[in-house]
Amino acid sequence: MATKHEVSALQQARSAYRPKLPKAFAGGASVACVERERFEPATDAARIHELFPHTYGLPVVAFEPGAAALPPAVKAGVILSGGQAPGGHNVIAGLFDGLKSLTPKNQLFGFKGGPSGLVDNKFVEVTAEFLAAYRNTGGFDIIGSGRTKLEKTGQFDKGLTHCRALGINALVIIGGDDSNTNACLLAEYYQKIGAGVNVIGCPKTIDGDLKNPFIETSFGFDTATKVYSELVGNILRDANSARKYYHFIKLMGRSASHIALECALQTQPNICLIGEEVAARKLTLSDVVGQIVDVVVKRATAGKNFGVVLVPEGIIEFMPDIQQLIKELNEILARNAEYMKNLPSQDDRRQFLFSKLSAESGKTFNILPQAIQTQLVLDRDSHGNVQVSRIETEKLLADLVEDQLRELKAKGAYRGSFSVQCHFFGYEGRCAAPSNFDADYCYSLGFTAAALLGANKTGYIASVRNLTQPATEWVAAGIPLTALMNIERRHGADRPVIRKALVDLNGKPFGKFAASRESWAVDDAFLYPGPVQYFGPSEVCDQPTQTLRLESIP
Ligand code: FBP
């Protein structure tokens with residue numbers, strides 16, 4: 001019978017893995033911290049300067065082998081923020097080991113359950129014994145995570161009281177674009193009031209949308225896309241064996257389509273939709289359905305009534321007609337919330353909404369299957385807005401494709417068969433055991449955060465670059481968070497935020513996909529990447545993602 005402490009054979013073997021570090025850290029985190037270029041945000045520099053007078057204009061700092069200035073004693077608190085991403089535990093391990101390499105007296109506390117742990121004073125001390133079971137494992141369960149936004153002065157003040165009570169003089173926030181935006185606000189505030197608490201960010205998210213010239217990729221993207229690609233590859237092989245189903249696979253990734261694009265590059269399915277392209281070409285829902293139908297008809301002519309379609313989670317938000325519909329629905333829902341609540345049935349609510357829509361949006365609403373219409377009426381977020389991410393886009397597209405094929409069949413323009421299986425891959429990949437790449441990258445990010453704290457820095461995000469080279473050649477640095485900011489309109493106000501990186505339609509990953517997709521549509525060039533490998537030849541175990549590889553080509 002399984003006991004509480006029993007672990008799998010892989011967990012046991014994996015716990016012995018020693019993550020690799022950039023060679024600058026071969027002797028520990030106490031290394032020379034060299035000031036490099038100063039640089040400004042790409043846009044809105046004057047406004048960002050005004051908003052962040054105490055942390056604006058810092059230089060990039062790089063870590064190089066060499067003598068360090070005497071580091072201050074560090075008592076740090078670490079926070080995991082937002083969705084899980086493989087490797088989070090190794091960031092904490094790298095941070096812990098890095099801090100201890102500065103001096104064994106340094107201490108690390110973990111705030112539990114995400115940013116709210118700091119505000120509510122829920123913490124645990126991270127010790128070597130406590131950490132041991134979590135090294136090289138997936139998940140964020142070591143201290144938990146949460147989506148509370150740390151953005152209000154009241155929260156910052158409460159957090160400071162708790163830091164002072166514990167003697168904490170540094171915080172490391174591990175999160176995506178929003179969490180690092182908040183790390184920037186927190187660093188500025190603590191600097192302004194002379195709190196004596198340094199703040200460092202770390203780039204996390206499976207979505208891959210926190211990247212820029214200094215952050216080549218966010219951690220977790222590598223493992224998650226490898227897990228999804230394994231699953232997609234398995235389904236491709238099943239499709240090719242049974243030759244009777246179309247599989248519509250929705251892939252997580254919120255707005256950006258990086259995950260879908262990476263999986264497409266790894267597996268070469270028949271169709272992969274890219275939200276950013278849909279937006280750039282202003283493709284409506286019917287246009288996208290039409291494109292899928294064209295491929296299905298072509299394949300049927302070649303005797304192939306099977307295939308695989310990859311659908312990024314955020315696709316429909318990029319369609320102009322759906323954008324307009326959602327905007328109108330949000331307005332109608334906001335203006336008539338009370339009235340709608342009192343309507344006797346869902347059907348009445350749907351009818352009421354329909355009567356208030358513009359003619360164009362009414363048409364779009366009418367195209368949607370009834371189940372999706374109901375979803376639009378029912379599922380709202382805490383602001384009362386439609387929850388687009390809850391919409392089962394893969395089913396929606398499959399249904400609409402089926403409708404069109406039926407019409408074509410009636411006209412004699414299509415003679416195939418169309419039978420569908422739908423899937424959604426998301427949670428399957430977020431807590432996978434980190435690949436060698438993520439295990440090393442995360443450990444290096446944590447170590448870099450420790451080095452930044454050892455150099456008494458605040459308002460920086462840990463950066464590790466040159467990632468397509470062996471880990472020893474990776475370059476560890478600190479990038480000023482303010483340099484990543486721009487001003488965006490959010491919830492009706494102009495706010496400083498870190499820009500989300502969407503798929504670049506002029507970039508090499510999309511370029512390679514776009515050049516190949518026509519042949520993938522009909523020729524079946526499927527690739528089967530298989531599961532993430534942790535032990536074995538380097539060409540199988542240590543490969544970075546296609547996205548990273550292609551983006552690193554000059
Ligand atoms: P983060 O941006 O916080 O890393 O989260 C990534 C993600 O996995 C998205 O791909 C997905 O849309 C979202 O989290 C789902 O999270 P939740 O289950 O909390 O809604």
Side-chain angles (χ1 to χ4, degrees), residues 232 235-236 238-240 242-251 257 260-261 263-264 267-325 360 363-373 391-424 513-526:
V232 171
I235 285 182
L236 282 165
D238 197 294
N240 202 17
R243 302 175 88 84
K244 62 176 180 181
Y245 291 127
Y246 268 91
H247 294 266
F248 280 63
I249 306 175
K250 182 167 78 169
L251 290 159
S257 302
L261 177 57
C263 292
T267 62
Q268 306 187 173
N270 303 110
I271 298 175
C272 174
L273 305 173
I274 300 293
E276 291 80 346
E277 184 184 27
V278 166
R281 293 176 55 194
K282 298 194 173 39
L283 300 179
T284 62
L285 179 57
S286 304
D287 295 333
V288 172
V289 169
Q291 286 185 346
I292 302 173
V293 167
D294 286 348
V295 173
V296 174
V297 171
K298 242 194 228 165
R299 289 180 63 79
T301 313
K304 297 172 179 177
N305 291 303
F306 65 93
V308 171
V309 183
L310 301 188
V311 181
E313 183 178 18
I315 189 87
I316 61 170
E317 286 178 71
F318 287 98
M319 299 170 182
D321 51 342
I322 299 284
Q323 270 173 5
Q324 181 59 28
L325 171 66
E360 268 315 293
K363 256 196 245 161
T364 312
F365 192 69
N366 251 346
I367 300 174
L368 303 175
Q370 198 165 320
I372 304 279
Q373 291 180 348
I391 297 170
E392 293 175 310
T393 327
E394 69 286 19
K395 293 207 175 108
L396 168 65
L397 290 170
D399 276 6
L400 297 178
V401 167
E402 194 167 14
D403 288 350
Q404 270 206 30
L405 289 171
R406 205 174 300 119
E407 282 171 27
L408 288 178
K409 201 167 234 177
K411 288 188 211 152
Y414 164 69
R415 291 179 211 288
S417 62
F418 184 72
S419 192
V420 172
Q421 298 287 348
C422 287
H423 317 260
F424 171 37
F513 162 73
S516 321
R517 63 180 152 186
E518 232 179 276
S519 84
W520 296 353
V522 193
D523 296 342
D524 298 346
F526 308 147

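One-based numbering along the sequence shown. These values consider heavy atoms only, across backbone and side chains, with no hydrogens, waters or symmetry-generated copies.
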Over all heavy atoms of both residues, which pair between [X] and [Y] is shortest? Give the atoms and the distance, please.
X	Y	result
K250	E392	NZ-CA, 4.3 Å
E313	T393	O-OG1, 4.2 Å
V308	A239	CG2-CB, 4.2 Å
L310	A264	CD1-N, 3.9 Å
H423	E394	O-CG, 3.7 Å

Might you work through the side chain to side chain contact (heavy atoms under 4.5 Å, CB included) test for M319 and I315, ending with a clear yes or no?
-> CA-CA 7 Å; M319 299 170 182; I315 189 87; 3.9 Å; yes

Donor-acceptor contact below 3.5 Å, side chain [X] vs main chain [Y]:
X	Y	value
Q323	E317	yes
N305	G416	no
S257	G275	yes
R243	N240	yes

Any chance NZ of K304 has more than 12 other-residue heavy atoms, nucleotides or ligands included, within less than 6.0 Å?
-> yes

List in chain and number order the residues that pass side-chain contact (heavy atoms from CB on, under 4.5 Å) with [X], two or more places apart in sequence or in another chain; answer none if no residue qualifies.
X	answer
S519	D523
A521	V295
Q268	W520, A525, L527
A280	L505

From [atom1] ([X]) to [atom2] ([Y]), nearest 0.5 Å:
X	Y	atom1	atom2	value
D403	L408	CG	CG	11.0 Å
I249	F424	CD1	CZ	12.5 Å
I322	L396	CD1	CG	7.0 Å
Q373	L325	CD	CG	9.5 Å
S286	I367	OG	CD1	4.0 Å
I292	D287	CD1	CG	11.5 Å

Given V288 and V278, is the side chain to side chain contact (heavy atoms under 4.5 Å, CB included) satisfied, shown in steps?
-> CA-CA 8 Å; V288 172; V278 166; 4.1 Å; yes

How are the rings of F418 and F248 set to each other: parallel, tilted or perpendicular (split at 30° and 60°)?
->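 F418 and F248: perpendicular rings.
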
K395 vs C422, side chain to side chain contact (heavy atoms under 4.5 Å, CB included): CA-CA, chis, key distance, verdict | CA-CA 6 Å; K395 293 207 175 108; C422 287; 3.9 Å; yes

So [Y] and [X], do their side chains get closer than 4.5 Å, heavy atoms only?
X	Y	value
P320	K282	yes
I235	T267	no
L368	L285	yes
F306	D524	yes
V296	Y414	yes
I316	I391	yes
C272	L261	no
D399	I372	no

Name all residues meeting the side-chain hydrogen bond (donor to acceptor under 3.5 Å, both in side chains) criterion together with D238; count only those two or more places apart in sequence or in a different chain, and write none if there are none.
-> none

Audit row: L397, L273, side chain to side chain contact (heavy atoms under 4.5 Å, CB included) steps and yes/no | CA-CA 11 Å; L397 290 170; L273 305 173; 3.7 Å; yes

Who are the salt bridge (charged side-chain N to carboxylate O under 4.0 Å, His left out) partners of K363, not counting sequence neighbours?
-> E360

